[in-house]
Participant: 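Before we start, here is the structure in question, set down as structure tokens.
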Amino acid sequence: MARFSGLQRDVLSLYRKCLREIRNKPEDSRINFRNYARAEFQKYIAVNKKDFNTVEYLLRKGHRQLELYATPGIRNIR
């Protein structure tokens with residue numbers, strides 16, 4: 001099994017939190033949330049894992065977005 005750095009574990013943890021939060025959304029809109037989360041992570045896949053400032057910034061941004069989209073008022077995303 002591969003050993004991940006602390007930042008890599010943080011990124012994987014954020015992704016898992018996103019997938020868990022999707023389960024709280026209405027069933028008909030879950031695919032939209034899943035596609036959005038996948039696209040956001042794919043967008044930054046080329047970021048160098050040693051570029052700590054960028055990775056930390058993207059983690060903070062991701063946590064803020066997760067907090068926003070986790071609110072019950074948001075029922076769908078496009």
Participant: Measuring from atom CD of Gln65 to atom SG of Cys18, what distance do you get when rounded to the nearest 0.5 angstrom?
Facilitator: 8.5 Å
Participant: To check you understand the geometry: which heavy-atom pair defines the closest contact between Lys17 and His63, and what is its length?
Facilitator: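 Between these two residues, the closest heavy atoms are NZ-CE1, 3.9 Å.
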Participant: Could you identify which residues cluster with Tyr69, counting Ile, Leu, Val, Met, Phe, Trp and Tyr as linked when any side-chain heavy atoms lie under 4.5 Å apart, either directly or through a chain of such contacts?
Facilitator: Leu7, Val11, Leu14, Tyr15, Leu19, Ile22, Phe33, Tyr36, Phe41, Tyr44, Val47, Phe52, Val55, Tyr57, Leu58, Leu59, Leu66, Leu68, Ile74, Ile77
Participant: Return the set of residues passing side chain to side chain donor-acceptor pair (under 3.5 Å) with Ser29 (not counting sequence neighbours), or none when no residue passes.
Facilitator: none
Participant: Nearest 0.5 Å, please: how far is OG1 in Thr54 from CG in Asn48?
Facilitator: 9.0 Å
Participant: So, do Arg75 and Lys25 sit near enough that their side-chain heavy atoms are less than 4.5 Å apart?
Facilitator: no
Participant: Apply salt bridge (Lys or Arg N to Asp or Glu O under 4.0 Å) to residues Arg64 and Glu67 and explain how you reach the verdict.
Facilitator: CA-CA 5 Å; Arg64 283 192 306 269; Glu67 187 177 315; over 6 Å; no
Participant: Compare every heavy atom of Lys49 with every heavy atom of Gln8, then report the nearest pair and how far apart it is.
Facilitator: NE2-CD, 3.4 Å
Participant: Looking at NZ of Lys43 and CZ of Arg38, how far apart are the two atoms once the value is rounded to the nearest 0.5 Å?
Facilitator: 15.5 Å
Participant: Could you measure the distance from the CD atom of Glu21 to the CZ atom of Arg16? Nearest 0.5 Å is fine.
Facilitator: 15.0 Å
Participant: Can you list everything that forms a side chain to side chain donor-acceptor pair (under 3.5 Å) with Asn35? Sequence neighbours excluded, please.
Facilitator: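 In terms of side chain to side chain donor-acceptor pair (under 3.5 Å), with neighbours along the sequence ignored, Asn35 is linked to no residue.
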